[in-house]
Amino acid sequence: MGERCGWAGSEEIYLDYHDTEWGRPEYDSRALWEKLILDGFQAGLSWITILKKRDNFREAFEGFDPNIIAEWGEADMLRLLGNPGIIRHRGKIEATIGNARAWQEIEAREGFDRFLWKYVDFAPLQNRFETMADVPAQTELSQQISKDLKKAGFRFCGPTIVYAFMQAVGMVNDHLLTCPAHAPCAQEGRTTPF
């Protein structure tokens with residue numbers, strides 16, 4: 001058995017995330033939106049910080065239901081800014097509310113899941129990286145998706161955030177070839193609901 005991807009560290013919460021979530025294809029529209037929002041909150045921070053606060057985020061943001069969050073206003077903003085269990089960044093919270101409205105428009109038009117997965121022809125891209133140094137921070141595809149998300153009204157979705165999101169939701173399989181999770185993620189990517 002090979003070694004896990006080096007970024008997973010040694011904390012149990014991080015190891016579990018690496019082993020059971022990261023890189024596994026996600027096809028649920030709401031879950032995809034949640035992961036994009038959390039990646040936006042990560043900007044300037046480490047993912048372990050977000051991961052440790054994820055349950056607090058889920059509680060504070062009503063289970064990341066974009067249909068609820070899209071209706072929020074200033075009172076909700078102030079409530080969230082007073083919540084020490086989450087990242088209290090006004091710009092990111094405002095973006096989340098706006099992103100919920102943008103999600104609603106895409107979801108009604110074609111489905112947020114289809115909107116995203118069409119970029120990879122509805123099947124995960126299978127990368128074959130051998131070292132962490134081989135893994136890019138962004139790609140031309142993440143730049144295009146970022147541009148299209150921004151055009152649709154999303155914020156905090158630059159190309160680096162989008163690439164991290166693509167990795168997390170399995171749009172790309174960036175587990176290293178030596179990682180025990182690489183082959184299972186590649187296998188899961190062979191069948192899609194589309």
Side-chain angles (χ1 to χ4, degrees), residues 4-5 7-108 111-117 142 145-146 149-150 152-158 160-171 174 181 185 188 193:
R4 287 181 179 98
C5 301
W7 60 262
S10 60
E11 289 190 58
E12 197 62 37
I13 189 173
Y14 224 1
L15 295 174
D16 287 345
Y17 174 73
H18 170 275
D19 293 352
T20 63
E21 282 186 65
W22 193 82
R24 306 285 172 153
E26 176 61 68
Y27 301 110
D28 179 77
S29 285
R30 191 221 51 84
L32 287 163
W33 184 78
E34 173 184 335
K35 288 187 178 193
L36 184 60
I37 296 304
L38 288 174
D39 272 317
F41 270 98
Q42 181 197 347
L45 304 168
S46 65
W47 178 246
I48 190 73
T49 301
I50 302 301
L51 199 55
K52 288 179 176 179
K53 293 177 177 281
R54 184 164 62 170
D55 288 341
N56 297 336
F57 270 104
R58 286 175 171 162
E59 184 178 340
F61 284 89
E62 300 285 338
F64 282 100
D65 184 335
N67 290 312
I68 293 173
I69 296 169
E71 303 299 319
W72 285 359
E74 186 63 23
D76 300 288
M77 173 81 63
L78 294 174
R79 172 180 55 81
L80 292 166
L81 286 171
N83 185 335
I86 65 168
I87 305 300
R88 295 178 287 180
H89 184 289
R90 186 177 189 93
K92 292 177 181 180
I93 294 169
E94 285 176 349
T96 300
I97 296 169
N99 290 351
R101 295 171 186 150
W103 176 90
Q104 285 182 316
E105 290 181 21
I106 294 172
E107 183 69 10
F112 192 61
D113 53 349
R114 295 186 75 80
F115 171 83
L116 290 168
W117 279 95
S142 76
I145 296 171
S146 170
L149 282 167
K150 289 176 181 177
F154 276 81
R155 291 171 44 212
F156 280 94
C157 61
T160 300
I161 289 172
V162 168
Y163 194 69
F165 164 78
M166 292 171 68
Q167 293 172 309
V169 301
M171 290 174 69
D174 274 0
C185 285
E188 286 181 31

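Taking the side chain as every heavy atom from C-beta outward, Leu81 and Ile93 approach each other to under 4.5 Å. Looking at Asp113 and Asp28, their side chains never come closer than 4.5 Å, going by heavy atoms from C-beta outward. Under the 4.5 Å side-chain criterion, counting only non-hydrogen atoms from C-beta, Ile86 is not in contact with Lys53. Taking 4.5 Å as the limit, every side-chain heavy atom of Arg88 sits out of range of all side-chain heavy atoms of Leu80. Looking at Lys52 and Glu11, their side chains come closer than 4.5 Å, going by heavy atoms from C-beta outward.
Closest non-hydrogen pair, Gly23 versus Cys185, comes out as O-SG, 3.4 Å. Considering every non-hydrogen atom in both Ala152 and Ile106, the closest pair reads CB-CD1, 3.8 Å. Minimum interatomic distance between Leu149 and Cys157 (heavy atoms only, all atoms of both residues): CB-SG, 3.8 Å. The two residues Lys150 and Gly158 make their nearest non-hydrogen contact at NZ-CA, 4.1 Å.
Applying the side chain to side chain donor-acceptor pair (under 3.5 Å) test to residues at least two apart or on different chains, the pairs with a partner in residues 92-103 are Arg90-Glu94.
With sequence neighbours excluded, the residues that form a ring-ring contact (aromatic ring centres under 6.0 Å, His included) with His89 are Phe156.
Judged by distance alone, with hydrogens and angles left aside, the side-chain atoms of Ser146 form no donor-acceptor pair with the main-chain N or O of Ser142 at under 3.5 Å.
The side-chain contact (heavy atoms from CB on, under 4.5 Å) test with Phe165 is passed by exactly one of Leu38, Ile145, Leu116: Leu116.
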*Apply side-chain contact (heavy atoms from CB on, under 4.5 Å) to Asn83 and Asn56, showing your working.*
CA-CA 9 Å; Asn83 185 335; Asn56 297 336; 5.5 Å; no
*asked:* Assess the residue pair Thr49 and Ile87 against the criterion (side-chain contact (heavy atoms from CB on, under 4.5 Å)); give the C-alpha distance rounded to whole Å, side-chain angles, the decisive distance to 0.1 Å, and a yes or no.
replied: CA-CA 9 Å; Thr49 301; Ile87 305 300; 4.2 Å; yes
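Salt bridge status for Glu74 with Arg79: absent, with no side-chain N to carboxylate O gap under 4.0 Å.
Between the OG atom in Ser46 and the OH atom in Tyr14 there is a gap of 6.5 Å [rounded to 0.5 Å]. The CD1 atom of Ile37 lies 10.0 Å from the CD1 atom of Ile161; values are rounded to the nearest 0.5 Å. Of the inter-residue distances, the one linking Ile50 atom CD1 with Lys35 atom NZ reads 14.5 Å to the nearest 0.5 angstrom. Remark: Arg24 CZ to Glu188 CD distance equals 4.5 Å, nearest 0.5 Å.
Trp22 has its ring centre no less than 6.0 Å from the ring centre of Trp47. Ring centers of Phe154 and Phe112: under 6.0 Å apart, within the cut-off.
Relative ring orientation between Trp117 and Tyr27 is described as tilted, the plane-to-plane angle lying within the 30° to 60° band.
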For residues 57-73, which side-chain donor-acceptor pairs fall under 3.5 Å, sequence neighbours excluded?
unit_1, atom_1, unit_2, atom_2, d
Arg58, NE, Glu34, OE2, 2.7
Arg58, NH2, Glu34, OE2, 2.9
Asp65, OD1, Asn67, N, 2.9
Asn67, OD1, Gln104, NE2, 2.9

